[in-house]
Number of protein chains: 2
Amino acid sequence: MTTSENKETLFPIGENASPDYFTGHVTIRNLVTGDDQLNTVVGNVVFEAGARNNWHRHPGGQILIATAGMGYYQEKGQPRQLLHKGDVVCILPGVVHWHGATGNSAFTHIAINPNTHKGLVEWLERVTDEEYLGA
Amino acid sequence: MTTSENKETLFPIGENASPDYFTGHVTIRNLVTGDDQLNTVVGNVVFEAGARNNWHRHPGGQILIATAGMGYYQEKGQPRQLLHKGDVVCILPGVVHWHGATGNSAFTHIAINPNTHKGLVEWLERVTDEEYLGA
């Protein structure tokens, strides 16, 4: 399933994401690397089934656009939300959250990080299997 | 061709764009309407074959992500560039430009407008047929 999902994506596969901040296999392709005029970083992220990032927050906020497969998004203290192709998630500055693929499907999203003058990301603890499974 | 291209898009078709600022049939679906924390507006724009916007500029800049079909992007004083699915265009603040579909294909892009506290768009004159054709 991962292979067929990846074929649907708009962009070539990127670099492997750091295992320090991600659980499972994740690739990130930089689309816009940021400058002080656009003040924005954009990347395409592909999560294999079961993969996700650590809990984290963005000082300038983040916008996710789901483009293939099925994934999860969860804010601290809230239930996880199922994401499908075409879903858009607005994450306000400082909100602690994680995102990733479901257990049975790969998941691809575009990640837009605006207001990069405020900082890009602050990584927190790993998402446990219990948290991932919505326990 | 327009119909098949539209089926490939990630989002439902949006509202008709204003004929004051667009030539030909164009629809815009708002994905992120903007607030003072994310400071960013995102929309999905579908141009039918031959359709384009007026010359314009963005005080906060703009990022385009081509997702279906084939289109053009032109900055004032530069040749027009052909855009395909997966192409990303970074438009710095104040740069006068237009974008739209080619004459034979519909074109869909995601438009990201960061730094909205500086303003969203300043519309200028219509793109003439001669300009559109790259004369």
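Side-chain atoms are counted along with the backbone in the values below, which use heavy atoms only and exclude waters and symmetry mates.
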Return the option, out of A:G86, A:G60, A:A66, A:G61, with the maximum number of heavy-atom pairs under 4.5 Å with chain B. A:G86

Approximate separation, where rounding is to 0.5 Å, of [X] [atom1] and [Y] [atom2]:
X: B:I110; Y: A:I65; atom1: CD1; atom2: CD1; value: 4.0 Å
X: A:H84; Y: B:L10; atom1: NE2; atom2: CG; value: 14.0 Å
X: B:I63; Y: A:I112; atom1: CD1; atom2: CD1; value: 7.5 Å

Quick one: do [X] and [Y] end up in the same hydrophobic cluster if we chain Ile, Leu, Val, Met, Phe, Trp and Tyr together by side-chain heavy atoms under 4.5 Å apart?
X: B:M70; Y: B:L133; answer: no
X: B:Y132; Y: B:V89; answer: no
X: B:F22; Y: B:L64; answer: yes
X: B:I28; Y: B:V41; answer: yes
X: A:L82; Y: A:V45; answer: no

Any idea which heavy atoms bring A:P93 and B:L38 closest together, and the distance? CD-CD2, 4.5 Å

Smallest heavy-atom separation, A:Q37 atom then B:L92 atom, equals NE2-CD1, 3.5 Å

Heavy-atom distances under 4.5 Å only: say whether A:I91 touches chain B with side chain, backbone, both or neither. backbone

Write out, in numerical order, the residues from residues 113-125 of chain A with a heavy atom short of 4.5 Å from a heavy atom in chain B. A:P114, A:N115

Do B:T67 and A:T67 make a side-chain contact, defined as non-hydrogen atoms from C-beta onward lying under 4.5 Å apart? no

Scan B:N44, B:N30, B:V32 and name whichever one has a side-chain contact (heavy atoms from CB on, under 4.5 Å) with A:V88. B:V32

